[in-house]
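The structure appears right after this line, and notes come after that.
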Amino acid sequence: MYARLDTPLPRLPRWPMTALRYRFGKTVDGQFYGISYFIVDGEIEALLLGLLPEAWRPLFSCSYLVANHHDIPPHIDNGIQVSINYYVVTADATTSFYRLRQPGAAVERLDNNDADTAAGLYQRQDLDVVASFSAQPHEVWALDVTQVHDVVSPAGRGSREAYCLQSRAVSLAQLVAWAQGSGADGTAGA
């Protein structure tokens, strides 16, 4: 479901968040709550993509994630198989992965979820926690975002921010197998 990767990255700064790529969430009383992804380019994009095998680089997009609420509900990402997150601001958050108690649990689709995916929001009462982790700033974690997961931090701790390399074609299993073969730490969860 996830793996911590040791990589030779320097401490990366916060991204200026000028060009929005896409976002998922809800607008309540004119305020957006959810996750926004901003375009990352230039040297940092090249540095992050340079961590991957050259053949995989075109299969990943590079973004800067900002989760602006302390409780991002259980969800499956929209068509993404794996997300490699370099955490910049963690807000003391915990990412948990879940198993559905029963197949066919209700899914709330967001306006921009692809209809042919399992993407959407799930209800905690329909789920059992199977694994969780809490990232620290400047750690790199790979997540299987085809699994139901959420992100919760203590209220008032601010946003969670990370550089993300996301792929619709490469799985977590492929990534971990490659990382273990290249000498990267493969500390993996469930």
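We number each residue from 1, following the sequence as shown.
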Looking at every non-hydrogen atom in both residues, tell me the closest pair between [X] and [Y] and how far apart they are.
X: Leu175; Y: Val170; answer: N-CG1, 4.4 Å
X: Ser63; Y: Val40; answer: C-CG2, 3.4 Å
X: Cys62; Y: Glu45; answer: CB-CG, 3.8 Å
X: Val107; Y: Gly120; answer: CG1-CA, 3.8 Å
X: Ser83; Y: Val145; answer: CB-CG1, 4.1 Å
X: Gln136; Y: Glu139; answer: N-OE1, 2.9 Å

Taking the side chain as everything from C-beta on, heavy atoms only, tell me whether [X] gets closer than 4.5 Å to [Y].
X: Trp56; Y: Ser167; result: no
X: Lys26; Y: Tyr33; result: no
X: Leu143; Y: Val82; result: no
X: Val148; Y: Leu127; result: yes

Is Arg101 salt-bridged to Asp128, cutoff N-O under 4.0 Å?
-> yes
Give the table of side-chain donor-acceptor pairs shorter than 3.5 Å for residues 86-97, with sequence neighbours excluded, one pair per line with atom names and distance.
residue: Tyr86; atom: OH; partner: Pro10; partner atom: O; Å: 3.1
residue: Tyr86; atom: OH; partner: Leu12; partner atom: N; Å: 2.8
residue: Tyr86; atom: OH; partner: His138; partner atom: ND1; Å: 2.8
residue: Tyr87; atom: OH; partner: Asn85; partner atom: ND2; Å: 3.1
residue: Asp92; atom: OD2; partner: Arg157; partner atom: NH1; Å: 2.0
residue: Thr94; atom: OG1; partner: Ser134; partner atom: OG; Å: 2.8
residue: Thr95; atom: OG1; partner: Arg160; partner atom: NH1; Å: 2.9

Would you indicate whether [X], at its atom [atom1], is surrounded by more than 12 heavy atoms from other residues, nucleotides or ligands within a distance under 6.0 Å?
X: Glu54; atom1: CD; result: no
X: Gln125; atom1: CD; result: yes
X: Gln123; atom1: CD; result: no

Same cluster or not: are [X] and [Y] linked, directly or through other Ile, Leu, Val, Met, Phe, Trp or Tyr residues, by side-chain heavy atoms under 4.5 angstrom apart?
X: Val130; Y: Val152; answer: no
X: Leu20; Y: Ile39; answer: no
X: Phe32; Y: Leu65; answer: no
X: Leu165; Y: Ile44; answer: yes
X: Leu47; Y: Leu52; answer: yes

May I ask you to check whether Glu161 and Tyr64 show a side-chain donor-acceptor distance below 3.5 Å?
->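 There is such a pair (donor and acceptor under 3.5 Å, judged by atom type) between the side chains of Glu161 and Tyr64.
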Separation of [Y] [atom2] from [X] [atom1] (nearest 0.5 Å):
X: His69; Y: Ser159; atom1: NE2; atom2: OG; value: 12.5 Å
X: Leu48; Y: Arg57; atom1: CG; atom2: CZ; value: 11.5 Å
X: Arg14; Y: Tyr163; atom1: CZ; atom2: OH; value: 9.5 Å
X: Ile35; Y: Ile72; atom1: CD1; atom2: CD1; value: 4.5 Å
X: Gln147; Y: Arg99; atom1: CD; atom2: CZ; value: 11.0 Å
X: Arg168; Y: Phe60; atom1: CZ; atom2: CZ; value: 13.0 Å

In terms of the angle between their ring planes, are Tyr22 and Phe24 parallel, tilted or perpendicular, with boundaries placed at 30° and 60°?
->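 Ring orientation of Tyr22 relative to Phe24: perpendicular.
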Geometric class of the Tyr2/Trp141 ring pair [parallel <30°, tilted 30-60°, perpendicular >60°] |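 If you compare the ring of Trp141 with that of Tyr2, the planes turn out tilted.
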[Y] backbone acceptor or donor facing [X] side chain under 3.5 Å:
X: Asp144; Y: Leu172; result: no
X: Gln180; Y: Ala177; result: no
X: Arg4; Y: Phe133; result: no

Kindly determine whether Leu100 and Gln102 satisfy side chain to side chain contact (heavy atoms under 4.5 Å, CB included), including the steps that lead there.
-> CA-CA 5 Å; Leu100 293 173; Gln102 297 181 55; over 6 Å; no
Can you list the residues that meet the salt bridge (Lys or Arg N to Asp or Glu O under 4.0 Å) rule with Asp150, with sequence neighbours excluded?
->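 Applying salt bridge (Lys or Arg N to Asp or Glu O under 4.0 Å) to Asp150 gives Arg124.
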